[in-house]
Novice: 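I have a structure I would like to understand better, so I am pasting it below and will then ask my questions one at a time.
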Amino acid sequence: MTVRVRFAPSPTGYLHVGGGRTALYNWLFARHAGGTLILRSDDTDVARSTQEYYDDIVDSMRWLGLDWDEGIEAGGPHEPYRQSARLERYREAAAALVASGAAYYSFETPEQLDEFRREAQQAGKPPAYDGRFRLADDEARSRFEAGAAAPVRFAVPRPGETTFEDVVRGEVRFDHVQVDDFVILRSDGSPTYHLASTVDDFDFRITHVVRGEDLLSSTPKHILLTHALGGTPPAYAHLPLLMGPDGSKLSKRHGHTAINAYRTDGYLAEAVRNYLAILSWSPGTDEEIVSLADMVERFDLGGVSKSPAVFDVTKLEWMNGVYIRDLSVDEFVDRALPFVEEELGRSLAANERDEFARVAPLVQERTKLLTEIGPQVRFLFGDIGYDETSWDKVMTKAGAKEAVIGALSRLAAADPWDTTTIETTLRELLDELELSARKGLQPLRVAVTGSSVSPPLFESIEALGRERTLARLEAASARM
RNA sequence: GGCCCCGUCGUCCAGCGGCCUAGGACUCCGGCCUUUCAAGCCGGCAACGCGGGUUCGAAUCCCGUCGGGGCCA
């Protein structure tokens, strides 16, 4: 049997990290098994679905490097892959279920439903509606044909229970007293999530449904529906939920939850992907940095953790740093450039790019987020504003001014202008002034870069060039 | 409230009856290196929720309890 899985987000919000992880696990499972991944748009909620969110989901998937074989934007034998274009199919399915007796037109009044619920509550029983006020089929049918609007409910077999083997959780059992005669088609003819999703999984020949644990208790409904549709239910795998640092379900108040926010914040797709993979699953080794190929080779749904995982940005950040340092210099420059230009508010000229490329290796090893690069190299590309805290801390110390002035005259004569000569020259100055490296070099750093934190000084000075370096030393000494 | 799921360091993951005086990673704290900041290296703190069983032996199996989460209301 060929594995066919689907990722089916609703375009009612940006793709968030939980969705990203679900997408990733579906992708890994499909690729490991040599199966097919389908991307479906569950956009039956027309009021809340937007093109912007749809685009974001597609973009985020692509950014993460998760490709799909069938679905929206890709096409395939089961087109269309957007639920909003399949409404007729859901109505047909509902009608067929009514015809077969698996579902019924529901004429229960709100009062009856309330009454049921109240009684159940009082008796300490589950508030799941059991269909007791259901009309005789012929009466319901004639009322419906006479034009009365009614939702369609699924007739859950009672008594009964549904048991299934969840791929990550093992055997799960639900007594049908817990499952209400759920609505599958609203009175306005729109399908509910349960119907649309189940019909699609059936029509698209989905073999494994890999989704979040929040859908676990809906699974009996989907299994019952699939059987009534004449199908064999797929295997289900429910992934543990992602939580915020406070232990509650991850949400916007925990900070960034949209995948795209991580992109703009300077995270690398491969780091986000790796972190997400490692969050609820382990490759089975002590190594946590795992190549995509290894992930695909080792991935196993059965090895997915059952307990919810806290999304820890700090660890993601660390991992991002690891991936950044792992980039080739050329790659690093390519990825960094947009962020540098963003920081400067302008694009870099060709010669400026070369300058950047020269200091890139130095910057690369001290970067955790691509957004940190701009501030580090800003001094190369325009006026520097002195960081006042740095200034106060460094430039007011004894010997600071002497160091700046001494550097000014010595550097004017340094030849050739390279890191070695610059270092030799400045160390001679330190000896002469009897200043420690720390005391003597920090003022130069602030003078040249504007901050007490910067890439290594001698290289930075070389990259800046003689002319600008002298100008900066001049300006600083005038200010001291 | 009902049902379902989950429970190993602060966090993530390993452990699937003896290899565990519980391992790795992030964070944190020391130290080394050092022109700042990083990176790197070395070292340290830190957990099997609790109570009963089963067993020669339990983090690992069973029951209960407590706690957390989800769904429905």
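Convention: sequence-line order gives letters A, B, ...; per-chain numbering from 1.
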Novice: Which residues pass the salt bridge (Lys or Arg N to Asp or Glu O under 4.0 Å) test with A:Glu343, sequence neighbours left out?
Specialist: A:Arg378
Novice: Is A:Arg186 salt-bridged to A:Asp188, going by a charged N under 4.0 Å from an acidic O?
Specialist: no
Novice: Strictly below 4.0 Å, heavy-atom distances to any atom of RNA chain B: list the hits from residues 163-175 of chain A, or just say none.
Specialist: A:Arg169, A:Arg173, A:Phe174
Novice: Which of these, A:Gln112, A:Arg153, A:Glu108, A:Arg134, sits in a side chain to side chain donor-acceptor pair (under 3.5 Å) with A:Tyr129?
Specialist: A:Glu108
Novice: How long is the line joining CD of A:Glu317 and C1' of B:C28, in whole Å?
Specialist: 15 Å
Novice: Does B:G2 have a Watson-Crick or wobble partner in any strand here, with both distances under 3.5 angstrom, and which is it?
Specialist: B:C71
Novice: Write down the partner of B:U65 under the Watson-Crick or G-U wobble criteria, each distance required to be under 3.5 Å.
Specialist: B:G49
Novice: Please, which pairs that meet side-chain hydrogen bond (donor to acceptor under 3.5 Å, both in side chains) have at least one residue in residues 434-457 of chain A, sequence neighbours excluded?
Specialist: A:Ser390-A:Ser452, A:Gln442-A:Arg445, A:Arg445-A:Ser454
Novice: In this structure, how many angstroms lie between the C1' atom of B:G2 and the CD atom of A:Gln121, rounded?
Specialist: 8 Å
Novice: So A:Val172 and A:Thr163, do their side chains get closer than 4.5 Å, heavy atoms only?
Specialist: no
Novice: By the definition ring pair (Phe, Tyr, Trp, His ring centres under 6.0 Å), identify the one residue from A:Phe29, A:Trp27, A:Tyr25 that meets it with A:Phe299.
Specialist: A:Tyr25
Novice: Taking B:G2 as the reference, what is the distance to B:C9 when you measure between their C1' atoms (whole Å, please)?
Specialist: 35 Å
Novice: Any side-chain hydrogen bond (donor to acceptor under 3.5 Å, both in side chains) pairs touching residues 286-308 of chain A, not counting sequence neighbours?
Specialist: A:Glu288-A:Lys315, A:Ser305-A:Ser307
Novice: Look at the rings of A:His194 and A:His222 and say which category their plane angle falls in: under 30° parallel, 30 to 60° tilted, over 60° perpendicular.
Specialist: tilted
Novice: Could you state the atom-to-atom distance from CZ of A:Arg21 to P of B:C12 in whole Å?
Specialist: 12 Å
Novice: Quickly work out the A:Lys306 NZ to B:C13 C1' distance and round it to whole Å.
Specialist: 14 Å
Novice: Whole angstroms only, please: what is the CG-C1' distance between A:Asp130 and B:A73?
Specialist: 15 Å
Novice: Please enumerate all residues that pass salt bridge (Lys or Arg N to Asp or Glu O under 4.0 Å) together with A:Asp114, with sequence neighbours excluded.
Specialist: A:Arg117
Novice: Enumerate the residue pairs fulfilling side-chain hydrogen bond (donor to acceptor under 3.5 Å, both in side chains) with a member in residues 271-280 of chain A, sequence neighbours excluded, ordered by first and then second residue.
Specialist: A:Arg21-A:Ser280, A:Asn274-A:Tyr323
Novice: Taking the nucleotide of RNA chain B with the closest heavy atom to each, which residue, A:Trp281 or A:Leu316, is nearer the 5' end?
Specialist: A:Trp281
Novice: Where along nucleotides 67-72 of chain B does protein come under 4.0 Å, by heavy atom, of base (B) or sugar-phosphate alone (S), with - for untouched nucleotides?
Specialist: --BSS-
Novice: Watson-Crick or G-U wobble partner for B:G18, using a 3.5 Å limit on both distances?
Specialist: B:C56
Novice: Assign A:Ser305 to base, sugar-phosphate, or nothing according to its heavy-atom contacts below 4.0 angstrom with the strands shown.
Specialist: sugar-phosphate
Novice: Scan nucleotides 30-46 of chain B nucleotide by nucleotide, 5' to 3', and note B when protein non-hydrogen atoms come under 4.0 Å of the base, S if they reach only the sugar-phosphate, - if neither.
Specialist: -----BBBBSS------
Novice: In whole angstrom, what separates A:Ile278's CD1 from B:C12's C1'?
Specialist: 9 Å
Novice: For B:U34, which nucleotide in any strand shown is its Watson-Crick or wobble partner with both distances under 3.5 Å?
Specialist: none
Novice: So which protein N/O to nucleotides 20-24 of chain B N/O distances come out below 3.5 Å?
Specialist:
residue, atom, partner, partner atom, Å
B:G24, O2', A:Asp286, O, 3.3
B:G24, N2, A:Glu288, OE2, 3.0

Novice: Of all of residues 466-480 of chain A, which get a heavy atom below 4.0 angstrom from RNA chain B, listed by number?
Specialist: none
Novice: Could you tell me whether the side chain of A:Trp63 reaches within less than 4.5 Å of the side chain of A:Leu15, counting heavy atoms only?
Specialist: no
Novice: For A:Tyr275 and B:U27, what is the distance between atoms OH and P respectively, to the nearest whole Å?
Specialist: 12 Å
Novice: May I ask you to test the A:Leu327-A:Leu268 pair for a side-chain heavy-atom distance under 4.5 Å?
Specialist: yes
Novice: Could you identify which residues of residues 395-414 of chain A place a heavy atom less than 4.0 Å from some atom of RNA chain B, listed by residue number, or say none?
Specialist: none
Novice: With a 4.5 Å cut-off on side-chain heavy atoms, are A:Val156 and A:Asp180 touching?
Specialist: no
Novice: Do A:Asp265 and A:Leu369 have side chains that get closer than 4.5 Å, going by heavy atoms?
Specialist: no
Novice: Nearest whole angstrom, please: distance from the P of B:C5 to the CG of A:Leu242.
Specialist: 21 Å
Novice: Show me the donor-acceptor pairs, under 3.5 Å and distance only, between side chains in residues 473-480 of chain A and residues at least two apart or in other chains.
Specialist:
residue, atom, partner, partner atom, Å
A:Ser477, OG, A:Glu474, O, 2.9
A:Arg479, NH2, A:Glu388, OE2, 2.9

